[in-house]
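Working notes for the structure below.
Since we're looking at a predicted model, the values are computed, not measured. Proteins get letters first, then strands, A, B, ... in listed order; numbering begins at 1 in each.
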There are 2 protein chains.
Amino acid sequence: VIDNVCFAVCDPGSEVLIPAPYYPAFDNDLRVKSSVVPVPVHHGSASGLRKAFHSSAGGPGPGKREALESVLPSNEDLDRAFANCSNPRILLLTNPHNPLGVVLPSDEVKRCIKWALQKGLHVISDEIYANSVHGGDDADGGGEIGQGFRSAIAMMPELSRLLGSDLIEERLHTIFGFSKDLCASGLRVGCLHSKNTRLLTAIDNIGYFCGVSGHTGYLMAQTLQDASFVKKFLAKNQANLRKSYQTLTKHLREAEIDYLPADAGMFCWIDMQRYLKDKTFAGEMELWTGLARDAKVLFTPGRDCHAREPGFFRICFAWMPEEALKLAVDRVKHYIDKL
Amino acid sequence: VIDNVCFAVCDPGSEVLIPAPYYPAFDNDLRVKSSVVPVPVHHGSASGLRKAFHSSAGGPGPGKREALESVLPSNEDLDRAFANCSNPRILLLTNPHNPLGVVLPSDEVKRCIKWALQKGLHVISDEIYANSVHGGDDADGGGEIGQGFRSAIAMMPELSRLLGSDLIEERLHTIFGFSKDLCASGLRVGCLHSKNTRLLTAIDNIGYFCGVSGHTGYLMAQTLQDASFVKKFLAKNQANLRKSYQTLTKHLREAEIDYLPADAGMFCWIDMQRYLKDKTFAGEMELWTGLARDAKVLFTPGRDCHAREPGFFRICFAWMPEEALKLAVDRVKHYIDKL
């Protein structure tokens, strides 16, 4: 879906601004077919977010909300990236965030949308984890399951009052899918919400090249019509995510590994900077290789997510049984203790 | 699948040579996403094929096989088209043929493949109607159901002996699907057969953007494993096609409408030249509009198929009940009698 919207909105070589760190596969997804260039936009200062980490030294950070204001780049950061582009067309937001696993504060999302629309960009709000908000861990001041997230679709009325409905309807597009929230990645069904009739006409045509089979569409329609099943399934999935997350973070705390408290998705972002032999991305790759080869634990390196600094890793915890999470953290602990 | 192979093999603006007339949707399929330019290649003389028509004046033509040698362009025709291209990359063959509804003679197919490979082109053999050979009508010397067709895949050994296996394995690609032969167009499953490992690696990546859902893949696998069901289904489908085709042509003969005897697919190509007010494509459009508006019968105009001369139309007959085929021909007859 992202590829199709980029194809419809961009020329080859156009830039898509993406707040970093971001989902590593965006690089391939944007470049391969539509020849669009992803541009990571970093927050000017890394220190804000750092305070939010659950640190082995000082316990949980200063409260998620404040800290999360350091996830998205400031308008100045965005301005700087924009100025370096030759043909910027899109701001791509991911909320809940991947790889950080957090729900973004609505005011911050609105600020970024407003910035982008005023610069003449389109905004894609990728909300594929919208229904995977697990609320986090009570030990880190976790919230209630499913709370806190607001879709860009729900923001459209207030953004329209602010910027005019024509602009909002032409430029703000929301995408989601069933692969995460309904654990249905094998079905390959994504959705686009947009009120831009020219975009929808284009998608009508290019969508032909990646049509969902009628058989799968029927299955999805039948499933979604059973509202009580969907509600129960999402609640169960969220509770399972929370449980896995809590198990993981309990072991991380015991192992004195710093992590950013998460409340959505299937990821946890950990800080391993102090275990780098040298503070470079080469050093990060060395640690990553060691963890994979010797500890037999596979993380996503921060560099692949366009992290600003070396030493961070994304843990995918969703499909692991409790014992495996404990074993994985034990192995990591064992490995870093020997460094 | 065609789009993906073109994307992998071509640059934007590259040309794909296609013997004309051809399937009208190729124009959109090639241009929209991969920005590849379809180039119709006509047979130098229209008279050869004309002799094969079942004519109201002289009965059936002189024997399908000879006449069908006038379907594909000669090497000289291909040379001429090739010389006018700036970056020709692919020769796209459709066998069985759409819109003509005929199985192409294997020797002619081999000649064209040989021509293309010696020019440094890739060849795509589109065989989506491979199992929809209905054999035609006894009144026109029709053959046996399912007979006569040979896949380019089956030609690979002899072509390899002729041109070397490296060239064949690098350049000859066959595509097919389940939408026609298994009446499963809603499933949106296509296949590529190629021995070119670089192409297959590229398709591995770009195929991600149009993946078949696991659920649909499972259904297809289950279906195809039941060989006796597939065999029965194809035989029944072929018999139904033949019956519809025979009903249609019986009424066409009664109405004295000339047609090209067909033996495959779901099409019949008719000659309405003598009903054109003027022998131009504008005249063809006028007749087409009249037939659609007044006779309520919808044909595909020859111009959309890049026919060489105006006045030909493609009839899709496959999904029509017998009474509807009679009614349609009656309406056409009624309309042209008043011209």
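Most heavy-atom pairs under 4.5 Å with chain B: of the set A:Cys210, A:Ser185, A:Gly217, A:Gly190, this distinction falls to A:Cys210.
In this structure, chain B has heavy atoms under 4.5 Å from both the backbone and the side chain of A:Phe209. Heavy atoms closer than 4.5 Å to chain A are found nowhere in B:Ile2, neither backbone nor side chain. Contact annotation for A:Val212: only backbone heavy atoms (N, CA, C, O) come within less than 4.5 Å of a heavy atom of chain B.
Among all heavy-atom pairs drawn from A:Leu17 and A:Cys85, the shortest one is CD2-SG, 3.7 Å. Residues A:Phe281 and A:Ala307 approach most closely at CZ-O, 3.4 Å, considering heavy atoms.
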Audit row: A:Thr174, A:Ser125, side-chain hydrogen bond (donor to acceptor under 3.5 Å, both in side chains) steps and yes/no: CA-CA 5 Å; A:Thr174 303; A:Ser125 179; 4.9 Å; no
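With hydrogens and angles disregarded, no donor-acceptor distance shorter than 3.5 Å links the side chain of A:Asp304 to the backbone of A:Pro24.
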